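Heads up, the thing below is written out as structure tokens.
Throughout, protein chains are lettered first and strands after them, A, B, ... in sequence-line order, and every chain is numbered starting at 1. Since this is a predicted model, take the numbers as computed values, not measurements.
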Amino acid sequence: MYEAVHAHPDGDSTVARHARTAAEYGYDGVVVRDHGDARADYDAERIADEYGVDVVEGMEVRADDPEQASGYVGNYRRQVTLLALHGGTAALNRFAVERSRVDVLAHPMAGEGDFNHVLAKAARDNSVRVEFDFSPVLRATGGERVQALGDLRKLREVVEHYDAPYVVSAGPFSHLQLRAPRELVALGEVVGFTREQMRAGLREWGRLAERNRERRSETFIEPGVERGRYEEDD
Amino acid sequence: MKHLPKHLRPRRRYLAVAVEAWPDADVDRGDFQRELWYAAQNLLGDAGSADADLTVLDFEMSDGEGETVVRVRHGHVEPARAALACVDEVNGHPVGVAVRGQSGTIRGCEEKYLGRRGELSTERKVVFENEERSAVIRSDAYDVRTDAAFAGATELDFE
């Protein structure tokens with residue numbers, strides 16, 4: 001299972017510190033999802049070697065409107081293994097689910113954001129993963145949290161009905177905000193998710209990373225077509 | 001009052017819990033118990049919280065690293081885990097909380113999962129983002145004092 005973290009300077013802890021704690025908690029890997037304007041500088045391979053967890057170079061594109069987002073996606077898609085889009089407005093949620101170059105629509109219900117059947121179908125057709133963001137459940141209180149729980153339920157019902165792909169994350173900004181997979185599964189169960197849904201959502205980050213690495217490798221031409229290994233004939 | 005006969009006494013499970021915070025956090029058993037009750041009540045409601053019957057035993061913490069045993073009613077371990085996950089701050093200090101394991105006795109819990117708090121911390125000057133800072137170091141974890149707060153790092157960040 002994987003967790004997608006905001007590392008320093010986007011968050012408070014470096015990628016190495018997140019990886020260290022994630023390894024201790026039993027994760028197989030971390031995805032670095034720093035926002036585009038605060039990207040961490042790190043050596044993924046070195047950290048992975050040291051702590052025995054996979055480190056996926058990702059990013060969360062944050063834009064004011066779809067036009068700007070489109071430019072960023074074009075610029076960064078080739079640089080990173082996993083690309084998420086910072087959702088939370090009707091226009092950006094719509095933009096994300098209609099672009100198969102976007103891997104994950106992050107926290108679609110944050111702020112003014114909303115989600116419906118049209119977006120769920122588009123997400124499924126373009127295989128854009130919709131994020132179930134547990135950060136307000138873990139860290140907000142009072143009315144804000146009640147609102148977030150209501151939104152999460154709505155999102156879950158729509159996603160379930162259209163069988164749209166999804167990921168689960170606690171969106172930690174420091175190693176102190178990381179929570180172990182078993183704890184997240186237990187929390188998900190209390191708020192209406194099944195255990196299997198939670199596990200699948202945490203595993204999905206890793207599957208995405210694996211798929212994208214394969215696509216970025218030199219032998220890949222298009223889905224189903226790969227350059228084979230042949231003897232040179234002369 | 002006379003003790004209940006053995007078959008009527010509630011059965012318990014004991015969770016070994018690791019607690020982590022920034023080095024300046026001042027947290028004691030009472031503070032953690034209070035936050036855990038709030039977390040359980042907010043997540044599980046009064047009824048669920050009474051069922052889980054969460055009690056913090058043996059809380060120990062120094063320099064931002066601690067561990068404790070939390071007593072839970074048998075059959076309510078999963079909601080208890082969920083409530084523990086929601087403990088995000090104690091006395092306004094951010095905390096990381098993780099269940100290391102569970103056991104049927106306090107002793108079993110301590111022997112199997114606790115007592116790993118090893119080395120004492122040291123404090124040293126480091127260069128973090130081109131500025132000289134002071135860092136609290138325990139094994140390979142570095143908590144770097146920045147202007148208003150801390151940044152979490154490890155040995156790898158200073159190679």
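With sequence neighbours left out, B/Ala83 forms a side-chain contact (heavy atoms from CB on, under 4.5 Å) with B/Ala40, B/Leu44, B/Leu54.
Here ring-ring contact (aromatic ring centres under 6.0 Å, His included) pairs that include residues 121-154 of chain B, with residues two or more places apart or in two chains, are A/His8-B/Phe128, B/Trp22-B/Phe150, B/Tyr142-B/Phe158.
Nearest heavy-atom pair, A/Thr14 versus B/Ala153, reported as atom, atom and distance to 0.1 Å: OG1-CA, 3.4 Å. Closest non-hydrogen pair, B/Ala85 versus A/Arg179, comes out as O-NE, 2.8 Å. Taking both residues in full, the closest heavy atoms of A/Tyr25 and B/Ala98 are given as CE2-CB, 3.4 Å, listed atom of the first, atom of the second, then distance. For the residue pair A/His175 and B/Gly152, the shortest heavy atom distance occurs at CE1-CA, 4.2 Å. The two atoms that bring A/Ala186 and B/Arg81 nearest to each other are CB-CB, 3.8 Å, heavy atoms only.
Summarising the local packing, CD of A/Glu144 is surrounded by 12 or fewer heavy atoms from other residues, nucleotides or ligands at distances under 6.0 Å. Environment of CD in A/Glu196: crowded, with over 12 heavy atoms of neighbouring residues, nucleotides or ligands closer than 6.0 Å. Few gaps surround CZ on A/Arg216; more than 12 heavy atoms of other groups in view lie less than 6.0 Å from it. Counting heavy atoms of neighbouring residues, nucleotides and ligands inside a 6.0 Å radius, atom CD of A/Glu160 exceeds 12 of them. Within 6.0 Å of CZ on A/Arg153 lie no more than 12 heavy atoms contributed by other residues, nucleotides or ligands. By the 6.0 Å contact criterion, OH on A/Tyr162 is enclosed, its count of non-hydrogen atoms from other residues, nucleotides or ligands being greater than 12. Counting heavy-atom neighbours within 6.0 Å of B/Arg107 CZ, excluding the residue itself, gives a total of 12 or less. The environment of A/Arg207 atom CZ is sparse: at most 12 non-hydrogen atoms of other residues, nucleotides or ligands sit within 6.0 angstrom.
Between B/Asp157 and A/Arg17 there is no salt bridge, since none of the side-chain N atoms of the basic residue sits less than 4.0 Å from a carboxylate O of the acidic one. Look at B/Arg100 and A/Glu24 and you find no salt bridge, because none of the NZ, NE, NH1 or NH2 atoms lies under 4.0 Å from a carboxylate O.
In this structure, A/Glu183 contributes its side chain and B/Val99 its backbone to a donor-acceptor pair below 3.5 Å.
Per-residue counts of heavy-atom pairs under 4.5 Å with chain B were compared for A/Gly26, A/Gly188, A/Ala16; the largest is that of A/Ala16.
Atoms OG and CG, on A/Ser135 and B/Asp88 in that order, are 10.5 Å from each other to the nearest 0.5 Å. In this structure, CD in B/Glu78 is found 11.0 Å from CG in A/Leu187, a value given to the nearest 0.5 Å.
For A/Tyr42, no part sits under 4.5 Å from any heavy atom of chain B, backbone or side chain. For B/Ala21, the part sitting under 4.5 Å from any heavy atom of chain A is the backbone (N, CA, C, O) and nothing else. For A/Ile47, the parts lying under 4.5 angstrom from a heavy atom of chain B are both the backbone and the side chain. Of the atoms belonging to A/Arg139, heavy atoms from both backbone and side chain fall under 4.5 Å from chain B. Of the two parts of B/Glu129, only the side chain, counted from C-beta on, holds a non-hydrogen atom closer than 4.5 Å to a non-hydrogen atom of chain A. For A/Arg145, the part sitting under 4.5 Å from any heavy atom of chain B is the side chain, from C-beta outward, and nothing else. Contact annotation for B/Val144: neither backbone nor side-chain heavy atoms come within less than 4.5 Å of a heavy atom of chain A.
Annotation: side chain of B/Leu43 is in contact with side chain of A/Val190 (closest heavy-atom distance under 4.5 Å).
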